[in-house]
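All heavy atoms count here, side chains included; hydrogens, waters and symmetry mates do not.
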Amino acid sequence: MGKERKVILSGNRPTGRLHIGHLFGVLGNWAQLQSEYDTYFEVADWHALTTRYQDTASMKKDIEDMVIDWLSAGISPEKSVIFVQSHIKEHAELHILFSMLVSLSRLLRNPTLKEYVAEKQTLKLKTEKKTLNKIAENITQKVFSEGEKREEVLKGKIKEHVLSELQGIFSQDTEIPYGEIVNYGFLGYPVLQAADILIYRAHVVPIGKDQLPHLELTREIARRFNFLYGEVFPIPEPVLNEFAKVPGTDGRKMSKSYNNTILIGEDTKDLKKKIMSAYTDPKKIKKNDPGHPDTCPIFHYHMIFNKENSDMIKEECIKGIRGCVQCKKEVFEKIDAFMEPYREKRYELEEKRELIWDIIKEGDKKAREKTKETMELVREKMKIDY
RNA sequence: AGGCCUGUAGCUCAAUUUGGAAGAGCACCGGACUCCAAAUCCGGCGGUUGGGGGUUCAAAUCCCUCCAGGCCUGCCA
């Protein structure tokens, strides 16, 4: 072994094919880090199970599709360790040991968990709003059905008040329905994540801002372990990956759940359809209306795929001498050409999916070496190495 | 183990009280309008009402049973 290189762990839940948001975000970042660090990239299938435990049929294919995109984005099996979480049982062992070091209240305080539950909650409230509206309507109707007739205005006002009272009552009931939503595994998610990171004794973890609270827990666990049993783990540092967000075809953040993605290696036909039906500046109704390129996803794509012309395009759009159809056609050509090598790579690997699993097998082997070593150290320090 | 609640379109839910043509919103697809898209307006797709049995002229609705999920109270260790 030559000079000691710092260790990086990162990973993703296998969600199938990735999109250009991933490509210009996390994947580009990973590809660069490979040459400076010992990089471990984890296919986090156990993490995926915490919310997808009922629907596991496509997991294998989703792993294959994701790893294909990793490889075409320049993640190299020679430089990095690409492994599947569930193949390395040591993760589970360390998770169990760590689970003793974390209090229940600490996990319930987890902002990610709270956010997740709140999101489900507001979804429910939104649909309940219509029901509340109906109740308010009925009450108002009853009040006025007998006795004198009042003006519609007064009726409307009373309904408004009844509605706001009802909403107040319902929103006061803030008891969180953990039961239906959160299982044991989901609660322990950040503890498993801590095990993932620390078992490789990673120094650096590239993450998004939303993952910071999770890494904080990882650091707490590492410190607690080191204090109780002796130094084993480095305290990992976060590296925030901040890149310009790639907007989706509807102008919102690109995300699979919004159904607004452009896939890595998207085929020509689908790409054309997606680009031509993409959202543009709603203020630009007529072809020669002045546009607002900064809020137009198509212009964002020009900046990425057609950078050399983007200044000119911006000017023409603002001046109103450029139509959206022309703009879309041009950017489509650029993206289409850009995708070609990715398509070839995907085509090649899709034919031989067992090749993916060979690569994973190699990665697993290397990952296991490291995790075995860590676990021996952990058991020894904990004095449970009997 | 006992008590209570829930299961209806891809999602969230109405219709169950009082048996009488299975519905809405969102999502999706198509059309109109747009240079395109969005917004808006039209239209369409979508169902073994968790499964099975029974009562009835007629069952999402009532009865029995099984399955699945949730809440509460216990039991064993």
Side-chain angles (χ1 to χ4, degrees), chain A residues 15-16 49-58 108 113 116-139 141-142 163 166-167 170-171 173-187 246-262 266 268-303 305-306 313-336:
Chain A
T15 51
L49 282 176
T50 57
T51 51
R52 245 186 68 187
Y53 56 93
Q54 285 165 315
D55 170 32
T56 55
S58 62
L108 288 167
L113 177 83
Y116 180 79
V117 174
E119 197 182 312
K120 297 267 174 186
Q121 190 86 316
T122 50
L123 203 81
K124 251 191 147 71
L125 276 175
K126 262 186 200 164
T127 54
E128 269 167 14
K129 197 178 170 186
K130 276 182 194 128
T131 316
L132 290 179
N133 201 44
K134 216 168 166 184
I135 294 170
E137 175 86 44
N138 285 345
I139 291 173
Q141 208 65 259
K142 271 177 194 159
L163 184 60
L166 282 172
Q167 276 177 341
F170 276 78
S171 61
D173 183 13
T174 50
E175 200 176 320
I176 301 173
Y178 283 116
E180 282 183 60
I181 300 169
V182 179
N183 56 35
Y184 176 47
F186 192 75
L187 191 66
V246 182
T249 53
D250 61 356
R252 292 187 288 175
K253 180 183 147 214
M254 187 173 285
S255 159
K256 196 177 181 180
S257 57
Y258 288 155
N259 194 24
N260 65 358
T261 60
I262 293 171
E266 182 95 55
T268 299
K269 208 180 98 217
D270 294 339
L271 180 65
K272 186 161 196 169
K273 197 177 169 191
K274 285 183 178 182
I275 293 296
M276 295 315 284
S277 64
Y279 174 86
T280 62
D281 178 11
K283 294 199 190 83
K284 187 172 163 70
I285 306 291
K286 294 266 182 271
K287 187 175 170 184
N288 293 320
D289 286 346
H292 305 77
D294 288 338
T295 57
C296 176
I298 294 297
F299 180 68
H300 271 87
Y301 300 157
H302 273 292
M303 287 202 292
F305 298 99
N306 190 16
I313 288 165
K314 184 173 190 169
E315 205 186 317
E316 287 181 3
C317 179
I318 290 171
K319 277 187 182 163
I321 53 175
R322 160 173 283 265
C324 292
V325 172
Q326 179 198 354
C327 207
K328 283 177 169 180
K329 276 183 178 159
E330 284 173 17
V331 87
F332 158 72
E333 295 295 338
K334 293 284 182 182
I335 301 176
D336 192 42

Tabulate protein N/O versus nucleotide N/O from nucleotides 33-36 of chain B, keeping only pairs under 3.5 Å, one per line.
residue, atom, partner, partner atom, Å
B:U34, O2', A:Ile285, O, 3.2
B:C35, O2, A:Cys324, N, 3.2
B:C35, O2, A:Val325, N, 3.2
B:C35, N3, A:Cys324, N, 2.7
B:C36, O2', A:Met276, O, 2.7
B:C36, O2', A:Lys328, NZ, 3.4
B:C36, O2, A:Lys328, NZ, 2.5
B:C36, N3, A:Thr280, OG1, 2.7
B:C36, N4, A:Thr280, OG1, 3.3
B:C36, N4, A:Lys284, O, 2.9

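Side-chain contact between A:Ile318 and A:Pro290: absent, with no pair of heavy atoms (C-beta onward) separated by less than 4.5 Å. You'll find the side chain of A:Thr268 reaches within 4.5 Å of the side chain of A:Phe332, heavy atoms only.
With both ends at atom C1', the span from B:U18 to B:A1 equals 37 Å, rounded to whole Å. For the C1' atom pair drawn from B:A22 and B:C13, the interatomic distance equals 14 Å after rounding to whole Å. The C1' atoms of B:G50 and B:A9 are separated by 15 Å, rounded to the nearest whole Å. B:G10 and B:U73 have their P atoms separated by 36 Å, with the value rounded to a whole Å. Comparing B:C29 with B:C45, their P atoms are spaced 16 Å from each other, to the whole Å. Distance noted for atom C1' between B:U8 and B:G23: 10 Å (whole Å). Atom name P, nucleotides B:G7 and B:U40: the rounded distance is 32 Å, in whole Å. B:A59 and B:C26: their P atoms are spaced 33 Å apart (whole Å).
The main-chain N or O of A:Cys327 is found under 3.5 Å from a side-chain atom of A:His302 such that the two form a donor-acceptor pair. Not a single donor-acceptor pair under 3.5 Å links the side chain of A:Tyr301 to the backbone N or O of A:Val246. A donor-acceptor pair is defined here as one N or O able to donate and one able to accept, closer than 3.5 Å; such a pair exists between the side chain of A:Asn260 and the backbone of A:Ser255.
Counted within 6.0 Å of CG on A:Asn259, heavy atoms from surrounding residues, nucleotides or ligands total 12 or fewer; the atom is thus considered open. The local environment of NZ in A:Lys256 is crowded, with over 12 non-hydrogen atoms from other residues, nucleotides or ligands closer than 6.0 Å.
Computed from coordinates, the A:Asn183 CG to B:G69 P distance equals 13 Å when rounded to whole Å. Taking atom NZ of residue A:Lys273 and atom P of nucleotide B:C28, one finds them 12 Å apart after rounding to whole Å.
A salt bridge is defined here as a Lys NZ or Arg NE, NH1 or NH2 lying under 4.0 Å from an Asp or Glu carboxylate O, and A:Asp281 with A:Lys283 fails to meet this definition.
For RNA chain B, each stem of at least three Watson-Crick or G-U pairs (distances under 3.5 Å) is given as range with range: B:1-7 with B:67-73, B:10-13 with B:23-26, B:28-32 with B:40-44, B:50-54 with B:62-66.
Among A:Lys274, A:Lys273, A:Lys272, the one residue that satisfies the salt bridge (charged side-chain N to carboxylate O under 4.0 Å, His left out) test with A:Glu266 is A:Lys274.
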